[in-house]
Amino acid sequence: MSVSPSQHIVILGATGSIGASALDVISRHADRYSVFALTAHRDAARLAQLCLQYSPCYAVMADKIAAEELRRLLRDAACRTQVLDGAQALCEVAREPEAHTVIAAIVGAAGLEPTLAAVRAGKKVLLANKEALVMAGQLFMDAVDSANACLLPVDSEHNAIFQALPGNYSRMPAAAGVRRILLTASGGPFRATPLAELETVTPEDACAHPVWAMGRKISVDSATMMNKGLEVIEAHWLFGVPARQIEIVIHPQSIVHSMVDYADGSVIAQLGNPDMRIPLAHALAWPERIGSGVSALDFSGIAALSFERPDFARFPCLALAYRALEAGGSAPATLNAANEEAVKAFLDRRLGFRRIGEVIDATLEQAAQCGAACIEAVLEADARARELACIEIDKRSAA
Ligand code: NAD
Ligand code: MG
């Protein structure tokens with residue numbers, strides 16, 4: 001088999017959970033991949049370790065203080081990585097001509113502009129940062145088309161759907177005989193918790209996911225199931241499937257990562273151990289296949305694969321996400337921003353778990369609807385939603 005020349009990789013959000021999984025896969029294939037740039041928010045010590053290990057050309061920190069700290073650490077270790085700072089530098093490394101592949105693994109809205117910069121530069125973009133697509137779906141997909149970027153989903157469900165669709169699929173479900181997308185969900189840590197107990201659950205309870213070890217924001221999103229709501233919107237944009245043809249199926253074992261239901265009654269699923277190195281390895285090497293370090297699925301060790309309907313009363317965030325998708329325009333950006341603020345307040349113990357959905361609902365009610373055709377409109381909707389959400393959080397945190 002021919003091995004392609006070494007591909008230069010940028011990891012936006014290298015110090016996070018996805019960043020660690022991506023670096024693990026890359027380390028296994030030093031002949032194929034080299035690390036060109038790594039970025040982090042404020043954890044200079046961790047990024048310094050990664051720079052010493054992978055010797056990227058560039059490292060980017062969110063602000064000048066963190067960047068100065070990183071420079072000092074690298075100087076002491078005689079590391080030659082060039083350190084940059086700020087949101088603009090994130091966009092610059094994402095569109096560097098020498099970079100071939102950009103792994104978008106920043107959490108939240110902060111990832112939108114650098115991910116879009118990579119898309120506009122026509123890169124191969126491995127998308128983990130679902131919030132970017134939720135906020136600016138139309139704009140994002142238009143940019144993919146006009147720059148002829150190669151957008152590959154890393155979110156395990158969307159990567160599974162991508163694998164279950166025909167190779168020449170082009171966002172037209174009817175033409176491909178696709179009847180439904182079946183998005184699987186573990187149901188999170190509170191799938192069976194008595195409703196009354198949800199009033200008093202803590203950030204630690206919410207972050208103790210039964211299957212996946214992830215960053216804190218997505219862990220809370222999994223507990224409220226807003227993660228699945230965001231994923232419905234993500235699937236809509238990635239695969240051109242209307243909301244009514246995207247169904248959520250609860251599957252607590254997280255072995256089936258999602259399915260495509262075809263007109264003839266065939267259902268094609270992708271299965272595997274729940275480990276993000278699988279979708280990352282798939283997307284890195286696509287259309288080839290490489291090892292991910294994940295062990296083979298042991299069918300005799302799986303007691304059962306079970307499937308249930310989601311409980312929309314227990315998880316109001318699901319209906320809020322469908323509502324925002326149906327409303328279109330700036331509504332998904334509003335939903336995302338209100339959710340980010342509410343999750344932050346919950347993690348800071350300023351807001352109860354069950355108030356998260358209430359804050360998002362109230363924000364969606366009050367925010368003026370506008371279009372989302374340009375980045376300025378999306379960022380404006382995001383900022384306005386954060387203001388409204390903070391007012392709603394304050395009302396509830398005093399109680
Ligand atoms: P994480 O919190 O572990 O890591 C986030 C990364 O983003 C870190 O490197 C952090 O330094 C960086 N970052 C955070 N805020 C930033 C800012 N304002 N500016 C610049 N950088 C910033 O999160 P994660 O679990 O790795 O998730 C990353 C993304 O991938 C999220 O969008 C999440 O929804 C998605 N995702 C994660 C998983 C998973 O298993 N962890 C699965 C599917 C999708
Ligand atoms: Mg997912």
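In what follows, residues are counted from 1 in the order of the sequence shown. Since the structure is predicted, the reported quantities are computational estimates derived from the model, not experimental observations.
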Donor-acceptor pair, distance only, cut-off 3.5 Å: does the side chain of [X] make one with the backbone of [Y]?
X	Y	result
Ser258	Ala160	no
Asn227	Ser219	no
Lys123	Ala99	yes

Any idea how His251 and Phe307 line up, ring-wise: parallel (<30°), tilted (30 to 60°), or perpendicular (>60°)?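 The rings of His251 and Phe307 lie parallel, inter-plane angle below 30°.
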Check the angle between the aromatic planes of Phe36 and His8 and answer parallel, tilted or perpendicular using the 30° and 60° thresholds.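 Rings of Phe36 and His8: parallel, as their planes differ by under 30°.
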List the residues meeting side-chain contact (heavy atoms from CB on, under 4.5 Å) with Leu195, not counting sequence neighbours, and say none if there are none.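 Only Leu198, Arg314, Arg354 meet the side-chain contact (heavy atoms from CB on, under 4.5 Å) criterion with Leu195.
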Please enumerate all residues that pass side chain to side chain donor-acceptor pair (under 3.5 Å) together with Glu326, with sequence neighbours excluded.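 Here no residue qualifies.
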With sequence neighbours excluded, residues passing side chain to side chain donor-acceptor pair (under 3.5 Å) with Glu197: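 Checked Glu197 against side chain to side chain donor-acceptor pair (under 3.5 Å); zero matches.
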Cut-off 3.5 Å, side chains only: do [X] and [Y] have a donor facing an acceptor?
X	Y	value
Ser300	Asp298	yes
Tyr54	Ser27	yes
Thr184	Glu157	no
Glu392	Gln366	yes
Gln253	Ser306	yes
His209	Ser186	yes
Asn339	Asp221	yes
His158	Glu234	yes
Thr202	Asp205	yes

More than 12 heavy atoms of other residues, nucleotides or ligands under 6.0 Å from CG of Leu305: yes or no?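 Correct, the count exceeds 12.
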Option from Leu84, Asp85, Val83 for which side chain to side chain contact (heavy atoms under 4.5 Å, CB included) with Val60 holds: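 Option passing the side chain to side chain contact (heavy atoms under 4.5 Å, CB included) with Val60: Leu84.
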Full working for ring pair (Phe, Tyr, Trp, His ring centres under 6.0 Å) between Phe190 and Phe353: CA-CA 11 Å; Phe190 304 142; Phe353 180 77; 5.0 Å; yes
Should Arg349 and Glu204 be marked as a salt bridge (charged side-chain N to carboxylate O under 4.0 Å, His left out) after you check the CA-CA gap, both sets of side-chain angles, and the distance that decides it? CA-CA 11 Å; Arg349 300 175 205 277; Glu204 290 72 29; 2.5 Å; yes
Walk me through whether Glu247 and Arg309 qualify under salt bridge (charged side-chain N to carboxylate O under 4.0 Å, His left out). CA-CA 9 Å; Glu247 275 178 36; Arg309 263 185 234 288; over 6 Å; no
Under-4.0 Å salt bridge between Lys217 and Glu341: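 Between Glu341 and Lys217 there is no salt bridge, as every charged N stays at least 4.0 Å from the carboxylate O atoms.
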